A.B. asks: 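The structure's right below; bear with me while I get my questions together.
Hydrogens, waters and symmetry mates play no part in the numbers below; they use all other heavy atoms, side chains included. Because the structure is predicted, anything quoted here is derived from the model rather than measured. Order of the sequence lines sets the chain letters (A, B, ...), proteins ahead of strands, with each chain counted from 1.
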Amino acid sequence: MTRDGALYASVRTTVEETIIDVVGRVYWEECQAGLDSTFAVDIELESMEVMEIAERLIDAYEGRVDFIPWFSDMELDDLIELTVGDVVDFVVDSVERSRAGAVARTA
Amino acid sequence: MATVHANGVELKVNRYCLVPDDHAGEAGEAGEAGEAGEAGEAGDRADRQPRPVLVFVHGLGFVDHSGLSFTLGMPLATVADCVLYALRGHGRSQFVASGYRLADHVADLVALIDALGIATPVHLVGCSYGGAVASFAAARHPERVGSLFLVDPVLPIPGWTELVGAKLEKAVARMRDGLTMDEAMAALEEWSERKAAAATARARRILLETSLVDEVRTDATLTDADWGRMAGPVTAVFGDASEMYPQAATLQRLVPAATVHVIPEADHLRVFAHTREILAHIRQHLGR
């Protein structure tokens, strides 16, 4: 997936701001986290924090993003290695598919 | 995540039930329940075929249901209607100063199932202390529990209150003496200072600000007859390096038909990292 475009930038901002809402801006800046940062190791998030972030993003995107099928396919190692960029990519993909579905339904 | 009022306590609940791709929209709704009513309807709306209902009960102290959600609940959502919740005093469920006996947790569990509109017997997955809650529920409400799956469980057998009570009292003493970060990280087998600090803060709160320790010390025990009253299959997974492992033989004596799996060289914490094996055993237990 190419990392450009208005949608990608918007989603990246939303994802990062959601993480900041959960962990605090000071801690986020201390982490110097970026797209390649892992939730479990680089940002040291607990599972309850990852769950809260996922739920806030579900609310933010009003049902256009469903993390459950995605997480359900992951092994424990995948969860440990999950990055901010992975989540951004997933949300972008979900929103694009939702838009394509809406266009198809009105065609 | 939904907040469900059950037995006078607000419980944080997640419910997962995935359907085939041609119902992706419904699956999205089923995956994120907003209110208790939506959580109750999610399983029905998502799939017209009856699914076994799995209710997961986590361990005691500094954990909640989120870890089990990712490792067990979500992966099993393709074959079962998975309900996970934080016990009272844990995670984002209501923090209460008292009411930490097995009977209280079981009353919460039964009330939760009722609030979610689940009328069929549920399959309980009890992890660590959650195994004690699940076993107690199966003994006291055999008509509501279709089967038991226990992961390195505390069994509510004679001596359990002394065993768990002693561990809790030791933890309380260490906290009152001034637990260092290095000691906390070693005790939790946690490399992350941040995670160790958060877990320790939660443990400190529930151990020092509630009557949990006293209630565990004086809690009830199941009799041999209680175990005989349980309906449905019983499966357990133990780590052979775990302090819970000696109970495996006791379980086989109490429930001769129980299936016991052993994970070699796994202590109590490491058992839960063997998610692939545990998932396979749960699917086999459900016949799925």
A.B. asks: Measuring heavy-atom distances to chain B, does Tyr27(A) have an atom under 4.5 Å in its side chain, in its backbone, in both, or in neither?
C.D. replies: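 Side chain only.
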A.B. asks: Side chain from CB out, backbone as N, CA, C, O: work out which of these in Ser192(B) comes under 4.5 Å of a heavy atom of chain A, or both, or neither.
C.D. replies: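 Contact with chain A involves both backbone and side-chain atoms of Ser192(B).
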A.B. asks: With a cut-off of 6.0 Å (strictly less than), are more than 12 heavy atoms of other residues, nucleotides or ligands near CD of Glu193(B)?
C.D. replies: no
A.B. asks: Just wondering, are more than 12 heavy atoms of other shown residues or ligands nearer than 6.0 Å to CZ in Arg64(A)?
C.D. replies: yes
A.B. asks: Can you confirm whether more than 12 heavy atoms, excluding those of Arg25(A), are under 6.0 Å from its CZ atom?
C.D. replies: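 No.
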A.B. asks: Could you go through Asp73(A) and Met74(B), starting from their C-alpha distance and side-chain angles, then the distance that decides it, and tell me whether this counts as side chain to side chain contact (heavy atoms under 4.5 Å, CB included)?
C.D. replies: CA-CA 8 Å; Asp73(A) 280 340; Met74(B) 292 181 205; over 6 Å; no
A.B. asks: By a 4.5 Å heavy-atom criterion (distance strictly below it), what part of Ile80(A) contacts chain B: side chain, backbone, both, or neither?
C.D. replies: neither
A.B. asks: To the nearest 0.5 Å, what is the distance between CG (Leu76(A)) and CG (Leu72(B))?
C.D. replies: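 If I round to the nearest 0.5 Å, the distance is 10.0 Å.
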A.B. asks: Please flag which part of Ala86(B) lies under 4.5 Å from any non-hydrogen atom of chain A: side chain, backbone, both or neither.
C.D. replies: neither
A.B. asks: Nearest 0.5 Å, what's the CG-OG distance between Asp64(B) and Ser47(A)?
C.D. replies: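 The CG atom of Asp64(B) sits 6.0 Å away from the OG atom of Ser47(A).
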A.B. asks: Which atoms of Ala54(A) come close to chain B, meaning under 4.5 Å heavy atom to heavy atom: side chain ones, backbone ones, both, or neither?
C.D. replies: neither
A.B. asks: Provide the closest heavy-atom pair for Tyr16(B) versus Ile68(A) in the form atom of the first, atom of the second, distance.
C.D. replies: CE2-CD1, 3.5 Å
A.B. asks: Would you compute the distance between atom CZ of Phe70(B) and atom CG of Leu79(A) and round it to the nearest 0.5 angstrom?
C.D. replies: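 Phe70(B) atom CZ to Leu79(A) atom CG measures 7.0 Å (nearest 0.5 Å).
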A.B. asks: Return the minimal non-hydrogen interatomic distance between Lys195(B) and Leu45(A), and the atom names on each side.
C.D. replies: CE-O, 3.2 Å
A.B. asks: Contact part of Arg194(B) toward chain A, heavy-atom cut-off under 4.5 Å: side chain, backbone, both or neither?
C.D. replies: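 Interface part for Arg194(B): both.
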A.B. asks: Drop me the distance from Met48(A)'s CE to Arg92(B)'s CZ, to the nearest 0.5 angstrom.
C.D. replies: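 Met48(A) atom CE to Arg92(B) atom CZ measures 6.5 Å (nearest 0.5 Å).
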A.B. asks: With the threshold set at 4.0 Å, does a side-chain nitrogen-carboxylate oxygen contact exist between Glu46(A) and Arg202(B)?
C.D. replies: yes
A.B. asks: Taking atom OG1 of Thr275(B) and atom CE of Met74(A), what is their separation to the nearest 0.5 Å?
C.D. replies: 13.0 Å
A.B. asks: Give, as side chain, backbone, both or neither, the part of Glu75(A) having an atom under 4.5 angstrom from any heavy atom of chain B.
C.D. replies: side chain
